[in-house]
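Throughout, protein chains are lettered first and strands after them, A, B, ... in sequence-line order, and every chain is numbered starting at 1.
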Protein chains: 2
Amino acid sequence: MARTAGSHAETTGPRVREAAQRLIARHGYAAVSMRQIAAEVGVQAGALYLYTPDKQTLLYDLMRLHMEELLATVEALPPLDDPRAALDRFARFHIGHHLDRPEAVFIAYMELRNLTPENFAAIEALRRRYEEGLAAILRDGVARGAFALPDLRLATRAIIAMLTGVTHWFRDMGPMGRDEVAACYAEMVLKTVAAP
Amino acid sequence: MARTAGSHAETTGPRVREAAQRLIARHGYAAVSMRQIAAEVGVQAGALYLYTPDKQTLLYDLMRLHMEELLATVEALPPLDDPRAALDRFARFHIGHHLDRPEAVFIAYMELRNLTPENFAAIEALRRRYEEGLAAILRDGVARGAFALPDLRLATRAIIAMLTGVTHWFRDMGPMGRDEVAACYAEMVLKTVAAP
DNA sequence: GTCTATATACCGATAGAC
DNA sequence: GTCTATCGGTATATAGAC
């Protein structure tokens with residue numbers, strides 16, 4: 001991966017984040033060294049500090065960018081009036097979006113404990129904003145008689161845990177395609193909260 | 001934490017595993033040093049190697065003991081004929097057992113990637129055996145018309161992900177007690193797979 | 001913008017005294 | 001059974017040459 005010296009500011013910054021994302025997803029934040037990331041990019045370790053003040057900020061930026069993209073995408077969806085249609089779309093969106101970004105999802109899930117308290121709080125706030133989007137769908141469905149839940153907050157977390165679980169085992173070479181998997185999960189989620 | 005020299009073989013072994021479990025659950029395997037574990041126990045770093053051949057085996061033993069205890073407990077439950085009763089009991093058991101062992105559960109989920117390939121395969125086999133216990137309940141329920149599922153394997157994983165998710169947010173000081181939470185989840189799980 | 005070199009500190013694991 | 005001391009290696013981050 002060695003390369004000769006030169007100026008590549010425009011491309012090196014993103015490549016640092018891409019390399020960090022790939023390595024951290026595979027080996028974990030604490031186990032990945034700045035030297036490994038630099039080798040993956042093709043620069044020396046010291047050069048990384050032109051693009052991030054330190055290793056912690058590199059991790060924080062990966063997680064923040066992931067959550068901001070997730071929120072921007074879901075909040076840009078046109079509203080749906082029918083609660084069942086909204087929940088069905090949410091389930092399929094969540095699975096599809098997460099299966100398209102396995103590395104970022106894995107990091108967002110596994111590396112929370114390696115954030116400083118301030119950075120953790122910022123990521124947690126974004127995560128709660130996403131959760132609230134699902135809670136709003138469920139709340140509306142209950143109010144309109146389409147859904148029945150023992151507890152709104154529990155149901156919200158249960159559904160997100162169920163849907164995110166797909167990323168732990170799904171492989172593109174497996175027996176089911178991602179649309180088929182998403183359809184199965186959407187069906188189960190709807191049953192979970194359906195009114196009798 | 002310093003202490004004077006002496007012989008404490010009977011107590012030091014378990015205390016090493018307890019300290020390792022506490023520290024690894026909080027900071028992650030890669031971020032915890034043998035020196036930190038030794039300090040927590042109250043011995044010097046070199047003394048740890050009387051109780052484990054290396055750091056990797058220490059992690060593997062924690063995960064193996066956790067899975068073996070989980071399997072022994074669930075497989076010792078008396079059989080239930082009604083599929084709905086069996087699933088209800090499984091959901092409550094899973095949540096109760098996991099909430100009682102938050103550190104072991106956290107490690108079992110987060111540190112799989114830090115196992116050597118051989119150790120990973122052994123833990124994965126135990127995990128699949130546990131999953132199969134739930135799959136058997138669902139399969140029986142489908143055969144007897146109590147349950148209806150889009151896919152047996154997906155439903156098994158979806159339910160385990162949903163139930164295990166409780167450990168990520170449950171706090172004993174929160175608004176709901178653990179039995180109340182378990183009851184809500186059991187109700188949702190039953191709805192998820194109920195026949196129409 | 002990137003390099004080489006380095007400061008300072010910690011790591012896992014082992015050897016040998018007691 | 002535990003300690004002290006240490007080996008060989010790696011870590012993050014910085015300084016200064018080009």
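In this structure, B:R35 atom CZ and D:dC7 atom P are separated by 13 Å, rounded to whole Å. We find that CG of A:D54 is positioned 14 Å from C1' of D:dA11, with the value rounded to whole Å. Computed from coordinates, the A:L48 CG to D:dT14 C1' distance equals 13 Å when rounded to whole Å. Going from atom CD of B:Q56 over to atom P of C:dC11 covers 18 Å, rounded to whole Å. Per the geometry, CE belonging to A:M34 stands 21 Å off P belonging to C:dA7, to the nearest Å. One can place OH of A:Y49 at 17 Å from C1' of D:dG16, the figure rounded to the nearest angstrom.
Close to D:dT2, at under 4.0 Å from its OP1 or OP2, lies a side-chain N or O of B:Y51. The side chain of A:T12 places no N or O atom within less than 4.0 Å of a non-bridging phosphate oxygen (OP1 or OP2) of C:dG1. Contact check, A:S33 against D:dA11: a side-chain N or O comes under 4.0 Å of OP1 or OP2. Neither OP1 nor OP2 of D:dT2 sits under 4.0 Å from any side-chain N or O of B:Q44.
Between A:A31 and A:G46, the residue whose closest nucleotide on DNA chain D is further toward the 5' end is A:A31.
Using modelled atom types, one side-chain atom of A:Q56 and one backbone atom of A:N114 make a donor-acceptor pair closer than 3.5 Å.
In this structure, A:R89 is not positioned above the aromatic face of A:F93 in the sense of NZ or CZ being under 6.0 Å from the six-membered ring centre and within 45° of the axis. With a 6.0 Å cutoff to the six-membered ring centre and a 45° limit on the axis angle, B:R127 does not count as a cation-pi contact of B:Y130.
Counting only heavy atoms from C-beta on, B:L50 has its side chain closest to D:dT2 among D:dT2, C:dG1, D:dT14. Listed nucleotides D:dA13, D:dC3, C:dC3 differ in distance to A:A47; the shortest reach to its side chain belongs to C:dC3.
Residues B:H168 and A:Y109 bring a donor and an acceptor atom of their side chains to less than 3.5 Å of each other.
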